[in-house]
Participant: 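Mind looking over this structure? Questions follow.
Residue numbers begin at 1 in each chain, while the letters A, B, ... track the order of the sequences.
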There are 2 protein chains.
Amino acid sequence: MALAHALLAALHQEPGTGYELTRRFELSMGNFWQASHQQIYRELGRMAQQGWLELQLQPQQGKPTRKVYSVTTEGLAALRDWLQQPQPPAVLRDDLLVKLYAGAENPAAVQAELLRHRALHADKLATYQALAAGCFACPQDLPRAEQFIYLTLRAGLSYERQWLAWCDETLSALQELG
Amino acid sequence: MALAHALLAALHQEPGTGYELTRRFELSMGNFWQASHQQIYRELGRMAQQGWLELQLQPQQGKPTRKVYSVTTEGLAALRDWLQQPQPPAVLRDDLLVKLYAGAENPAAVQAELLRHRALHADKLATYQALAAGCFACPQDLPRAEQFIYLTLRAGLSYERQWLAWCDETLSALQELG
DNA sequence: AATACCATGTAAAGAGTTACATGATTGG
DNA sequence: CCAATCATGTAACTCTTTACATGGTATT
């Protein structure tokens, strides 16, 4: 049920529609949680039924009615309750490392894939750095709640930097292996 | 279908039973792939039906028959084929970061959870370091295929070291936030 | 006597992915 | 005119988790 809690956290920060949440899960939250619009719409429906969210309809001309969700008192209580429950660390399931494990079968293919991933991580890192320099230029001046959000961005930076460094280290090890 | 490929990689390194694979997925491979025994037994059955694995039965007295799986020529071909196909980087879905995102609702709870995770990461790091010092003391003397496996262990080390450092950094940021 | 380990599975529920589907508006 | 963006959803499928189930052996 963690998608539900991620949605609670997002909607508690600011109410929004399924579509907007999909965007947010691609940008700021996408850093540590990924969800497709199908998942989000389904989950929002469930959560509204459960009483965690309330729905405000905003009809528009020529467009589907906007369904703006916001967190109810029960929803906030559920979020607070969940914050106190210990959770195991995220599980890692990484194709690239499976490939490296069997890398002796085709070192060139693995090397190519490492280079590709290196580029993807470098891109993400650049995106996060731009975000940090832009919206979070002076973190100590931010409202309190946003300082916590800034700390999640720092996690993204640290995560991408680590993979980038590991790709480089591994590529040179492969060079030496020949 | 990536569990299938992780199993191919594991069984290509050395044939084994579902139970043994479950152990291996807890130890060396658990570093980058996690799978429960239920998943593993089911997937092994499917893969055998598909012709990727062959099965050798070793009856035992007083115990269930051991079912030792090994990779067939088709299985190896499937693994080699998969090695060449580009794959997106692993997705991260981390409860802890969702909690931090909503951390303003209960900073103390988040701090406690960070400390708990810090300890878990420190434990894992120690386990990997012991493995590196033990089985992989002289990596350059290892057989070629195991040098690739060693590189996946280095990923685990890097990953845990990064989370540990991030936990520390974030904990001191929380101190300052008060 | 109890716990842990070996060794295998089934069933059901929950979460996530992929494909399909619609229709207006805006920018190049 | 085509592609992208806004905005919503359904259906089918796959993958993962949790719970249930059995039974012998070894250790404390």
Side-chain angles (χ1 to χ4, degrees), chain A residues 1-8 15-27 29-30 32-50 53 55-69 82 85 87-95 98, chain B residues 1-8 15-27 29-30 32-50 53 55-69 82 85 87-95 98:
Chain A
M1 277 279 163
L3 171 57
H5 295 101
L7 287 167
L8 283 175
T17 68
Y19 188 82
E20 281 164 10
L21 286 163
T22 306
R23 288 300 95 135
R24 283 201 240 167
F25 272 75
E26 277 168 16
L27 298 172
M29 276 198 129
F32 55 88
W33 204 273
Q34 314 218 341
S36 60
H37 74 113
Q38 294 86 342
Q39 251 183 298
I40 290 170
Y41 281 117
R42 193 174 354 125
E43 197 66 34
L44 287 174
R46 276 186 210 152
M47 289 167 74
Q49 257 195 336
Q50 216 178 339
L53 301 181
L55 180 54
Q56 200 205 336
L57 296 172
Q58 298 182 346
Q60 299 175 114
Q61 296 153 284
K63 286 185 185 177
T65 301
R66 269 169 62 90
K67 297 183 174 178
V68 181
Y69 290 92
W82 177 76
Q85 284 167 236
Q87 235 79 44
V91 299
L92 180 62
R93 277 204 189 86
D94 194 338
D95 280 327
V98 176
Chain B
M1 276 282 163
L3 172 56
H5 296 101
L7 287 167
L8 283 175
T17 68
Y19 189 81
E20 282 164 9
L21 286 163
T22 306
R23 290 301 94 134
R24 283 201 241 168
F25 272 73
E26 277 170 13
L27 298 172
M29 278 199 126
F32 54 88
W33 205 274
Q34 315 218 343
S36 61
H37 73 112
Q38 294 88 340
Q39 252 184 297
I40 290 172
Y41 282 117
R42 188 162 11 111
E43 196 66 34
L44 287 173
R46 274 187 213 154
M47 290 166 74
Q49 256 194 336
Q50 215 178 339
L53 302 181
L55 180 54
Q56 199 204 337
L57 296 172
Q58 299 181 345
Q60 299 176 113
Q61 295 152 287
K63 286 185 187 178
T65 301
R66 269 167 62 89
K67 297 184 173 178
V68 181
Y69 289 93
W82 177 76
Q85 286 167 235
Q87 235 79 45
V91 299
L92 180 61
R93 277 202 190 86
D94 194 337
D95 280 327
V98 176

Participant: From CG of A:L44 over to P of D:dT8, roughly how many Å is that when rounded to an integer?
Facilitator: 9 Å

Participant: If I take atom CG in residue B:L7 and atom P in nucleotide D:dT16, what distance separates them, rounded to the nearest angstrom?
Facilitator: 11 Å

Participant: What parts of residues 32-39 of chain A reach DNA chain D, counting only heavy atoms under 4.0 Å away?
Facilitator: A:H37, A:Q38

Participant: With a distance cut-off below 6.0 Å to the six-membered ring centre and an angular limit of 45° from the axis, does B:R23 pair with B:F25 as a cation-pi contact?
Facilitator: no

Participant: Look up atom NZ in B:K67 and atom OH in B:Y41, then write down how far apart they are to the nearest 0.5 Å.
Facilitator: 9.0 Å

Participant: Going by side-chain contact (heavy atoms from CB on, under 4.5 Å), A:L53 matches just one of A:E43, A:M47, A:R46. Which one?
Facilitator: A:M47

Participant: Do the side-chain N or O atoms of B:R23 get closer than 4.0 angstrom to the phosphate oxygens (OP1, OP2) of C:dA7?
Facilitator: no

Participant: Can you find an N or O donor on one side and an acceptor on the other, under 3.5 Å apart, linking the side chain of B:R42 with the base of C:dT8?
Facilitator: no

Participant: What nucleotide, of D:dT17, C:dA7, D:dA7, holds the atom closest to the side chain of A:Y19?
Facilitator: D:dA7

Participant: Does a salt bridge link B:R66 with B:E20, judged by any charged N lying under 4.0 Å from a carboxylate O?
Facilitator: yes

Participant: Without decimals, in angstroms, what is the distance between B:Y41 OH and C:dA11 C1'?
Facilitator: 17 Å

Participant: Taking the minimum atom-to-atom distance to the side chain of B:K67, which one of D:dT16, C:dG9, D:dC15 wins?
Facilitator: C:dG9

Participant: Taking CG from A:L3 and P from D:dT16, how many angstroms apart are they, rounded to a whole number?
Facilitator: 17 Å

Participant: Could you check how far CD1 of A:I40 sits from P of C:dT18, rounded to whole Å?
Facilitator: 15 Å

Participant: Are the side chain of B:R93 and the backbone of A:F32 linked by a donor-acceptor contact shorter than 3.5 Å?
Facilitator: no

Participant: Applying the side-chain contact (heavy atoms from CB on, under 4.5 Å) criterion to B:W33, which one of A:D95, A:L92, A:V91 satisfies it?
Facilitator: A:D95

Participant: Check whether any side-chain heavy atom of B:V98 lies under 4.5 Å from a side-chain heavy atom of A:W82, and answer yes or no.
Facilitator: yes

Participant: Classify the nucleic acid contact of A:T22 as base, sugar-phosphate or nothing, counting any heavy atom under 4.0 Å across all strands shown.
Facilitator: nothing

Participant: Starting at atom CZ of A:R46, determine the distance to atom P of D:dT10, rounded to an integer number of angstrom.
Facilitator: 12 Å

Participant: Between C:dA15 atom P and A:Q87 atom CD, what is the distance in whole Å?
Facilitator: 12 Å

Participant: To the nearest Å, how far apart are A:R93 CZ and D:dT14 P?
Facilitator: 18 Å

